Amino acid sequence: MLKATTLARRVCCTVAAVLAGTTLGLAPVLPALSADFPKQPIEMAVLFGGSSATIAQILADSMSKELGVPVAAVSRTGASGAVGYSYVKSTPPNGYNIVWNSNSISTAYHNGNMDFDYKAFDGIARVGMEVPALAVRTDSGWKNLKEFAAAAKKQKMKVGVSGRGAFTHLASAALFDKMGIDVIYVPYGKGSAPVELLAGRIDAALQWPSQFKAQVDAGQLRVIAVTSVERLPVLPDVPTAKEQGFDVDAVLWRGVAAPHGTPKDVIAKLETAIRKVVTGRDFQERAAKLGFEPAFLGAADFDKFIATDDSVTAKLMSELGLKKKN
Amino acid sequence: MGLIFGSIPGLTFSMALALMVPFTFGMQTTPALGLLLGVYVGGMTGGSVSAILLGIPGTPSAAATVFDGHPMAQRGHAGVALGAAVIASTFGGLFSLLVMMLLLEQVAAIAIKFGPAEIFALVLFGLSTICGMAERSMLRGLVAGTLGLMLMIIGLDELDGIARLTFGTVQMQQGVNLLVAMIGLFAVPQIIGTFLDFGRVEPLKMLADVRARLPTFGQLKQRLWLMVRCSSIGTGIGAIPGTGGPIAAFLAYDHARRFDRQPQNYGKGELSGVVAPESANNAVTGGTMIPLLSLGIPGDPATAVILGGLLIHGLYPGPMLFRTHLEVIYALYVSIVLAYVVILVVQLWGIRIFVKVLSVPPHVLAVCIIVLCGLGSYAIRNSIFDVYLMAVMGLIGYILQRVRIPVAPIVLGLVLGETLEKQYRTALIMTEGDYAVFYTSGVALFFFGLTALTIGLQIFSSRRRRPA
């Protein structure tokens, strides 16, 4: 009896698996897929939650209007993005399965979370950037990086980041390396670093500007640097690290990619749709409110950009002792 | 809307919220806010429906409701359980709203004092309640609790990004999702049992007589004070960033059991066992709003999505919001009250329909539940791996039931283990390995003391029972 029921359960699972398999498998059977692309709904895998998922939703909605077929942002989170990347990589390269990608493609690979890297995907377009910001409490008295560095040399600072090997960790490591100071990285995850900073349990936090915004307006926190080359529209008064004499350029990019081998004309169609959306006023306004900087880059340039960024990330991670040998 | 999502296992309210956000772009600020909040509180309440009727918690926060809610339904008291759940939920929600309106600044100031060391102590206290859940044997409870903690370890470690017990597979890096484990552990063994009994045991008579009886006024009045206490627990826990609904519900459940004159009734269908976690998990909704509104910091994933929705409308929650957009704050209060009124009406009316589920023959129902289980497991992370995982967990659950190891502590281990480990390690990283952080904090010491007391009392009482 027990066997029969487990068998029934197995059958049930198998049926579900087969169903899922056939839906995915259908696409390559369709002839002349690239000429009349897109003919069926497109699925965009989203690897993380939070504000980046909201941006992905906005992008997907607007892309639906451009392409005339539904574009669904489907959440496939887990394992620092490795789950979603693995899934999209396993789908047929026909443009119907795309991924909302980011630097995580490099960090997940070099961390040893997955056994393939950015070369498994063809870039479609870069959509934008997110720039981390370093904040301290207003009552700490530190107004810029130099004052912070001077204090950090006397006493070891505790700096909140999102997790070991997370982008905020890499970016702060790059910054503090240039500043010549050694700090304790406190990994938080799920965005609780700003609270900890407010409560005085850490001395500084490198997170996203929107997380600090409310407290900055209220005069509790002060952002002393952003790690991009240019200043941010959301924080126009905050100087970049470069302006303060520390040459750092660490930004989180986000874009869209398809499995390697996707036909060029399909990529071109998706690229055109994304360009129209990202350069549109509607998208720009919404993105700005979420602290996301639209920065469109076409498919060819995007591929080169990712390759360069990957080697920078690899170097930084091996310096930090985070890189796994693959 | 949130109700529907909440009642379908696997479709959690966090997910419903994420889906709703794009719809709000085109709306005015107030209706947009109303929609999001409606989904949030609705989802929190709706999770109890499937927990009570089918024994599958609709959301992780409803897990504690299963322990007593489902046995009540099996005894034919589904209407009472559902009615009590929705009333307790509404009470908890409104209570926390009141706290939020009156004591926002004060609660936020206290909540912020909870750092990693303090949260660790609080969660450890929660874990000590395993003692109470191990129905007969303390040893069996501890075995189950440890199993839960071990399951929690599987997957990618959030702090260091290191894969643990994954056997080199990407799928295992996702870890064991709490809901998947719960569906497997609670629902599947029951289904297996139903099939095994089929043909051997006559279908139970009481199922033919399912009437939608509501809890009486007296039953509720008796538990008013309990609701107040559990709502306070929920509001408080909700206000501490990094905790959340499931922890609050479990703590409230344990609190109710511990202070009841007949703790042995719990787990068998005690009304207070439904009222306590439900008032607490809905009180969390108001609690999480406290850090969100006063500090601009989301307390759980669901409020993180709400934060995103507010940002899109150009509203930055935080101290400034009260000065610049007071009308938004009032709209928010009104939306929450409205949402609860709607929930109360819809749910109380819906109970008549919900309980009909129980008049379906158990073996037919079991087939439907299998489908729901599969669907729910898949939907959580769009992952077929989770469906297999659910099936495996189900088998484990069935075997454990056979050897009489309770499954509740496993869930508790899963719920609390993650927070426990993370906060402990964060606390130590912060001090570079100096343990002083745990005994120099008054709050942490207080909870450590409570933990020791709980364990001590348990040992004492089981010693005394043994000779008898």
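Just so it is clear, the model here is predicted, and its values are computed rather than measured. Below, read A as the first sequence line, B as the second, and so on, with proteins coming before strands; counting in each chain starts at 1. The figures that follow rest on heavy atoms only: side chains count, while hydrogens, waters and symmetry mates do not.
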Counting only non-hydrogen atoms closer than 4.5 Å, does [X] touch chain B with its backbone (N, CA, C, O), its side chain (CB onward), both, or neither?
X: A/L198; value: both
X: A/Y185; value: backbone
X: A/A218; value: both

| With sequence neighbours excluded, residues passing salt bridge (charged side-chain N to carboxylate O under 4.0 Å, His left out) with A/D117 |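 Result, salt bridge (charged side-chain N to carboxylate O under 4.0 Å, His left out) vs A/D117: A/K119.
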
| query | Under 4.0 Å between a Lys/Arg side-chain N and an Asp/Glu carboxylate O for A/K213 and A/D217? | reply |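 Yes.
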
| task | Identify whether the distance between the nearest side-chain nitrogen and carboxylate oxygen of A/E285 and A/K289 falls below 4.0 Å. | result |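 Result for this pair is no, no salt bridge flagged.
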
| Which heavy atom in B/Q423 sits nearest to a heavy atom in B/P116, and how many Å separate them? |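 Heavy atoms of B/Q423 and B/P116 come nearest at OE1-CA, 3.3 Å.
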
| said: Taking the side chain as everything from C-beta on, heavy atoms only, tell me whether A/F116 gets closer than 4.5 Å to A/Y109. | reply: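 The answer is no; the side chains never approach within 4.5 Å.
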
| task | Considering only heavy atoms and a distance below 4.5 Å, find which of B/N177, B/I112, B/I429 pairs most often with chain A. | result |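 Option with the top pair count is B/I112.
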
| query | With chain B, which of A/P194, A/A199, A/G160, A/A53 has the greatest number of heavy-atom pairs at distances under 4.5 Å? | reply | A/A199

| query | What part of B/F114 gets closer than 4.5 Å to chain A, counting heavy atoms only: side chain, backbone, both or neither? | reply | backbone

